[in-house]
Amino acid sequence: MQLVGGWEAGLLAFMALLYLVGVLLNPTFFGSTDAISAVLRDTARYGVMAVGMTFVIVNRDLDLSVGSTLGLTAVAFSIFFSPTHYGLDAVPAALLCLGLGLAIGLVNGVLVAILRVPPFIATLTMLFIGRGLVLGLTGGKTIGFDLKAQGYWLFAMGETNALGFNNQILIFLVFAVVGALVLAKTRVGYETYAVGGNEQAAQYAGIATKAVRIRGFMISSFCAAVAGLMNVTQDKGVTSQYGQGAELIVIAAVIVGGAAIAGGRGRVIGACLGAALVVLIDKVLREGIPVTRTITVGGVEMEVQALAQLPPGAVPAFLGLILLAAVLIEPWVVRGNVFGRLKAWLTGSEPPPSLDPGGAAIVGVKTFGTASDARSVGARGLRAFLHRRDAAAIVLVIALWLVGMWLRPDFWGSLNNSFNLLLAFSEVALLSLGLTYVIANGDIDLSVGSVLALSGAVAAYVMKEMGGDPLLAISLALAAGALCGAVNGWLTTRFNLPSFVATLGMFYIARGLAAWIVSGRQLSGFPERFNLIGRNLYEVLSYFGMPPQTGLWLEVTRAVSVQTLFLLLVAIVAGIVLGATPFGQKVYATGGNERAASYAGIDTKRVRFLSLVFSGLCAAAAGVIYVAFYRSFNPSAGQLRELDAIASVIIGGGSIFGGYGTIIGSLAGAAVITLIRSLLSLQVILANGASFVLPQHWMNVFIGLILLIAVIGDIWFRQNNVFGEWRRRRQLAAAEKLRLHQGSKGA
């Protein structure tokens, strides 16, 4: 019973019912054994990853990097093994990849357990770094090795055996059984439950809690590496898209399987059944319903068999909803004893007591003050500026600008480049304005890039497909962004979900809805008066018949855009509200210590809710500007922008733990990100006349590393003042040495 419980039996019953629905909708596919084989084969890869993720979530942590780890290990194997690259044998290549997976887990564990980086930030950053490495190593292309693979037994992992099912299913069963036994019957499992249930009590009991958490991440990454090998041995090649979105499916599988996001609860068998359920739901949604259509060809009517399928983006949207629903199961269904209370209501008996449903929220460390802030009291002039948390970002902006001038003075200082920099800056800066409030609250919003895409899709669809007025399109786009922010805020403040979980669900829902609305197509051909939002002032004045002719005014209108002025207006208002109004002080108080702020009479739930709504509005405005600037909409709009925006706020002096952040600092951080991206894409001319440009695929690796450095710097340099502590100890040691020396002389 330690391996399997009542929850797992319920999952099996629900899966049987769902499969029956699939048979009714599409008997051609679900009525055959091929469907069962396909579901189990796809479940095998996610199931192996879910085994590792169970250890992490029971530990009260989270690993968002498993999809990138899968992709990176698959790419590494392909590069090691492919005859067009290193041409190693299959076994050494596989061992190197498994070692790479363990190394990624070790890095994640050290960042979280030793360096105290929040797990969602550490693994989110590793997700983007891993994705950047996948793109960089593949160059966005496919690496294949069909012919060489035929002579190696390892590739039997991806083949169908004599019994008629894929060998990956056997691998999955081995991992499921071993993982279940380890978690339920060994010291490793007992320590995992203890750390996830109460880390401080586990530490008092003599458990090496840091080692346990590191071990959990290493198990998770190792399982992701095995899943990567399972993928690549089946496909006998790899693409740059490997592993995208896998983290959502795996996390949802573990939570659906009965694990608590608050840690201390979960079973491997439940996680494996959860993986099968999520894959089955995905299959039912994707396969479609067979229909017969009548078409006319040459005046003759013909009946054609077809499939009625959901539009592109529908499946990710549903999976995002599944994730949110799964996370709510434990605190509101299990702990709330919903079924017991329903039975009592139906029978008229006394309802059973329900536990506090607030256990879903993971409360992290808060920032109560730093040594740097203490030293800034009474400082004046340059010293006071250098003690500001946003000073480093401002200095870095100046330094990066000077680097650009040094590398390409003929191009970097031109008005055309300045205009392009301001355009790129506006999108990131708008996202960072909203995130400044959210992060200062101690929350996070991972959905801003997807909300940008959703709002852009709404504006584009209203104008192109419905013939709506630009003003109506903009209003509906902003309303869509505000609604996304309101849902994020509602889930975070009313259902006590961790903000990173709520916004991670919205990350996929909004992205899926954006593709759904436009049916996966690129839309263009909008009214010119709408496109003016993304143009410079010269084009706007020319549209109204007032183009500047000569002089400084002409140069200024060519360099400044409408969106730059809009950004300036929003930044001024946001800065005044955050820095000089009671609401801004409530934001800082809530982020610094929410419980103390609540005792002081602050409605902390309202403050957090409004901040998330503002973040959604800023993302929506960025989406409208995106469509106007490019004069088209692409469903991939805003991809990876959430990392840029989060990095901007942290680089600008905000603390991921809350309590700090300024609009000026966030704008400086956004400028740092923009300048780094521009420098990395700058064509540098060498002394011999040759030139080079750093490949763009590697850009996210640099941004991810910068974010990690900024977070670690905030934790250790600002909060823990490691340099100051080291200097203090040196001074004490020197004073003690001098005292002993003087004492010996006196003797």
Side-chain angles (χ1 to χ4, degrees), residues 125 128-129 132-133 135-136 382-383 385-433 536 555-556 558-561 563-564 567-568 571 640-641 643-654 662-714 717-718 723:
T125 307
F128 285 112
I129 291 174
L133 288 171
L135 289 173
L382 179 61
R383 183 166 172 264
F385 169 75
L386 293 176
H387 278 299
R388 288 174 56 101
R389 294 174 63 93
D390 51 18
I394 296 171
V395 171
L396 190 54
V397 168
I398 298 171
L400 290 171
W401 178 265
L402 293 176
V403 168
M405 286 294 292
W406 175 66
L407 291 174
R408 285 292 305 276
D410 58 321
F411 167 76
W412 193 257
S414 66
L415 285 175
N416 284 336
N417 182 57
S418 300
F419 174 67
N420 291 330
L421 286 174
L422 285 172
L423 289 178
F425 168 73
S426 299
E427 185 177 314
V428 181
L430 269 174
L431 297 179
S432 68
L433 291 181
N536 60 31
E555 300 299 327
V556 170
R558 288 188 182 277
V560 178
S561 65
Q563 62 193 56
T564 303
L567 169 65
L568 181 63
L640 307 182
R641 282 305 196 192
L643 182 67
D644 288 353
I646 294 170
S648 298
V649 178
I650 303 304
I651 291 170
T662 64
I663 295 299
I664 292 177
S666 296
L667 292 177
V672 168
I673 298 296
T674 303
L675 289 171
I676 288 174
R677 286 191 175 275
S678 299
L679 286 171
L680 291 177
S681 61
L682 184 66
Q683 185 177 21
V684 180
I685 300 176
L686 303 176
N688 60 3
S691 63
F692 73 92
V693 179
L694 190 70
Q696 297 300 294
H697 298 307
W698 299 95
M699 197 168 293
N700 289 317
V701 177
F702 287 95
I703 302 299
L705 289 173
I706 290 169
L707 175 57
L708 267 184
I709 293 170
V711 172
I712 293 172
D714 174 56
F717 299 153
R718 287 184 179 136
F723 286 154

Shortest non-hydrogen separation from [X] to [Y] and the atoms involved:
X    : Y    : answer
L667 : A571 : CD1-CB, 3.9 Å
G652 : T662 : O-OG1, 4.4 Å
A647 : L707 : CA-CD1, 3.6 Å
S678 : L421 : OG-CD2, 2.8 Å
S648 : S432 : CB-CB, 3.9 Å
V701 : G132 : CG2-C, 3.7 Å

### Message
What I'd like to find out is whether the side chain of L431 reaches to under 4.5 Å of the side chain of D644, using heavy atoms alone.
### Response
no
#### Entry: Sub-4.5 Å side-chain heavy-atom contact between I398 and L402
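A side-chain contact under 4.5 Å exists here.
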### Task
Going by the side chain to side chain contact (heavy atoms under 4.5 Å, CB included) test, name the single residue among I673, L567, L430 that passes it with F425.
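Answer to the side chain to side chain contact (heavy atoms under 4.5 Å, CB included) test with F425 among I673, L567, L430: L567.
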### Task
Only one of T674, L679, V672 passes side chain to side chain contact (heavy atoms under 4.5 Å, CB included) with I676; say which it is.
V672
### Task
Step by step, work out the side chain to side chain contact (heavy atoms under 4.5 Å, CB included) result for L568 and T564.
CA-CA 6 Å; L568 181 63; T564 303; 5.7 Å; no
### Task
Take L396 and L675 through the side chain to side chain contact (heavy atoms under 4.5 Å, CB included) test and state the conclusion after the steps.
CA-CA 10 Å; L396 190 54; L675 289 171; over 6 Å; no
### Between CD on residue Q563 and CG on residue N536, distance to nearest 0.5 Å
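So the CD of Q563 and the CG of N536 are separated by 10.0 Å.
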### Query
Does the ring center of W412 lie less than 6.0 Å from the ring center of W401?
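Distance test on ring centres: under 6.0 Å, yes.
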### Message
Working note: L705 + T125, criterion side chain to side chain contact (heavy atoms under 4.5 Å, CB included); need CA distance, chi angles, decisive distance, verdict.
### Response
CA-CA 8 Å; L705 289 173; T125 307; over 6 Å; no
